[in-house]
Novice: 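Take this structure, written in structure tokens, and hold onto it; I'll ask about it next.
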There are 2 protein chains.
Amino acid sequence: MAAPLRLAVDKNSPVPLYHQVAQALEDAIRTGELPPGTKLDNEIDLANRLNLSRPTMRKAMDQLVRAGLLVRKRGVGTQVVGSQVRRSLELSSLHDDLRSSGGSPTTAVLGLARVPADEETAQLLGLSPGDEVYHLRRVRSTDGEPLALMENWVPCSRCELDRERLEQDGLYALMRAQGVTFQLAHQRVGAVAADEEQAALLGVEPGAALVSMTRTALDDVGRPVETGHHVYRGDKYSFELTLVQH
Amino acid sequence: MAAPLRLAVDKNSPVPLYHQVAQALEDAIRTGELPPGTKLDNEIDLANRLNLSRPTMRKAMDQLVRAGLLVRKRGVGTQVVGSQVRRSLELSSLHDDLRSSGGSPTTAVLGLARVPADEETAQLLGLSPGDEVYHLRRVRSTDGEPLALMENWVPCSRCELDRERLEQDGLYALMRAQGVTFQLAHQRVGAVAADEEQAALLGVEPGAALVSMTRTALDDVGRPVETGHHVYRGDKYSFELTLVQH
DNA sequence: AAGTGGTCTAGACCACGCG
DNA sequence: GCGTGGTCTAGACCACTTC
């Protein structure tokens, strides 16, 4: 049950040491070099072996504990979680909430307009009702099959949107390129039945079950920069997440 | 924009200092004492003021950053997130995945039996096909209205289940009382249409949209201890989560 | 140049589980 | 009693932003 484990870190890399270690451990776990149930050596030994301090070693392991790959028990030790841990929805990534299951994703813009914000949108974006916002509707498809219907609102003051680049780069990339930083997103996930329009656009029967998601994204100082409502075909999409007890 | 903020910690409490600080800050934010957009004093000053070391102060703030209440920016400072942060599904809690929206929850056991594990269940629980597992089906209601249909499997080797205590205490409490520790859960959330039986039990029309959730829970050494599939009425239930960029 | 958060170290002591 | 993870300290240097 001991962990031989050939790890190495580059102290001159700009990548933080704890991140290098976490990455190396994660790779070892995902490749099966550290099979489920393996007991790791204790933190002090591991730290010494890599010429790291214990806090740095711990910080690396903390990440993997939160990601659900390791389990720690005081007085006992640390083990690799014993089950086929499917790659979970990476909570670290806001970049793309679509798992590209092999296919090539494309996006079509159905509508793009500057409109005055209604009360609810203004509230969500921290604006006054009537302030101008972009309102956009898009369909995302993989392999030609429609998968998601996305409706979003963005304050006009934050960036400029145009149809072509939206389809090319995506909303987030476009906004990021104009200096918007995404830091946080609050999401709500539920289920709704497809109405006539949604059904037609997604290629399902009216009444079909859809995964519904509403989101508000905030920038690096906590200001709302985007809000939206997405629906996904329930037969082709789901969210994964890992809960950790602490 | 300065933060006066009257904080205090008890160095003799068994509660970790970083947790006391995080709790105090969270309370101050949720009560509005620290309104959205407030800039906090820098970490060193805050640490000094509480007679704490900077790492301890940082650890407290890390928690709130992950929870989506604070936002940090290098070279600039730390601010309270600027939006009505609704109380999010506490990722820290596995105890109850139901938001008791005022109502009083009750649970009815529809079925409880010891059966040999089928292939899929055995796989999920790390058993061999044919090993004995409890199979249980329950309906959870609030205010007399059915809300969720829960189907679960538990290895018989881990605990003993009986109908009465299941209804009284719930599955997790019952297992915990028998020494099972819950550490991790992997969940998948999607949408399905209600079949005839689900519709009847939940009091909705067949075909109605349901939130579907499958979960496998692991104990403190990463062994699977429970797996299950729940469906919730889509018109009464949703999941909330906060994503953080790091 | 000054101020901020980001990282890292080298210790220390404690609480818990186990033999 | 011993080994483990859990917590905490008092520094240090760096990277980045702002003025």
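Numbers restart at 1 for each chain; the letters A, B, ... are given by sequence-line order, proteins then strands. Side chains included, hydrogens not; waters and symmetry mates left out as well; all remaining heavy atoms used.
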Novice: Rounding to a whole Å, what distance do you find between A:Asn12:CG and C:dC8:P?
Specialist: 12 Å
Novice: Whole angstrom is fine here: how far is it from CE in B:Met57 over to C1' in D:dG11?
Specialist: 18 Å
Novice: Base, sugar-phosphate alone, or nothing: which one does B:Pro14 contact when heavy atoms must sit under 4.0 Å apart?
Specialist: nothing
Novice: Only counting residues at least two apart or in another chain, list the ones meeting salt bridge (Lys or Arg N to Asp or Glu O under 4.0 Å) with A:Arg138.
Specialist: none
Novice: Which pairs, protein N/O on one side and nucleotides 2-6 of chain C N/O on the other, fall under 3.5 Å?
Specialist:
residue, atom, partner, partner atom, Å
C:dG3, N2, B:Gly75, O, 3.4
C:dT4, OP1, B:Asn42, ND2, 3.0
C:dT4, OP2, B:Asn42, ND2, 2.9
C:dT4, O2, B:Gly75, N, 3.2
C:dG5, OP1, B:Thr78, OG1, 3.2
C:dG5, OP2, B:Glu43, N, 3.0
C:dG6, OP2, B:Arg58, NH1, 2.7
C:dG6, OP2, B:Arg58, NH2, 2.9
C:dG6, OP2, B:Arg72, NE, 3.2
C:dG6, N7, B:Arg54, NH2, 2.8
C:dG6, O6, B:Arg54, NH1, 2.9

Novice: Look at B:Arg72 together with B:Glu43 and state whether they make a salt bridge at an N to O cut-off of under 4.0 Å.
Specialist: yes
Novice: Taking 4.0 Å as the cut-off, does a side-chain nitrogen or oxygen of B:Ser53 come that near to OP1 or OP2 on D:dG11?
Specialist: no
Novice: Considering residues at least two apart in sequence or located in another chain, which fulfil the side chain to side chain contact (heavy atoms under 4.5 Å, CB included) criterion with A:Pro55?
Specialist: A:Ser53
Novice: State which residues pass side chain to side chain donor-acceptor pair (under 3.5 Å) with B:Asn48; sequence neighbours excluded, sorted by chain then number.
Specialist: none
Novice: Can you name the residues that form a side chain to side chain donor-acceptor pair (under 3.5 Å) with A:Asp118, not counting sequence neighbours?
Specialist: A:Thr121
Novice: Hey, does the side chain of B:Lys11 come within less than 4.0 Å of D:dT9's phosphate (OP1/OP2), counting only N and O?
Specialist: yes
Novice: Indicate every side-chain donor-acceptor pair of residues 153-162 of chain A with a distance under 3.5 Å to a residue at least two apart or in another chain.
Specialist:
residue, atom, partner, partner atom, Å
A:Arg158, NH2, A:Asp219, OD2, 3.0
A:Asp162, OD1, A:Glu164, N, 3.3
A:Asp162, OD1, A:Arg165, N, 3.1

Novice: What is the distance, rounded to the nearest whole Å, between atom CG of A:Leu17 and atom P of D:dC14?
Specialist: 14 Å
Novice: Name the nucleic acid region contacted by B:Asn51, choosing base, sugar-phosphate or nothing; use a 4.0 angstrom heavy-atom cut-off, strictly under.
Specialist: sugar-phosphate
Novice: Measure from CG on B:Leu52 to C1' on D:dG11 and round the result to the nearest Å.
Specialist: 16 Å
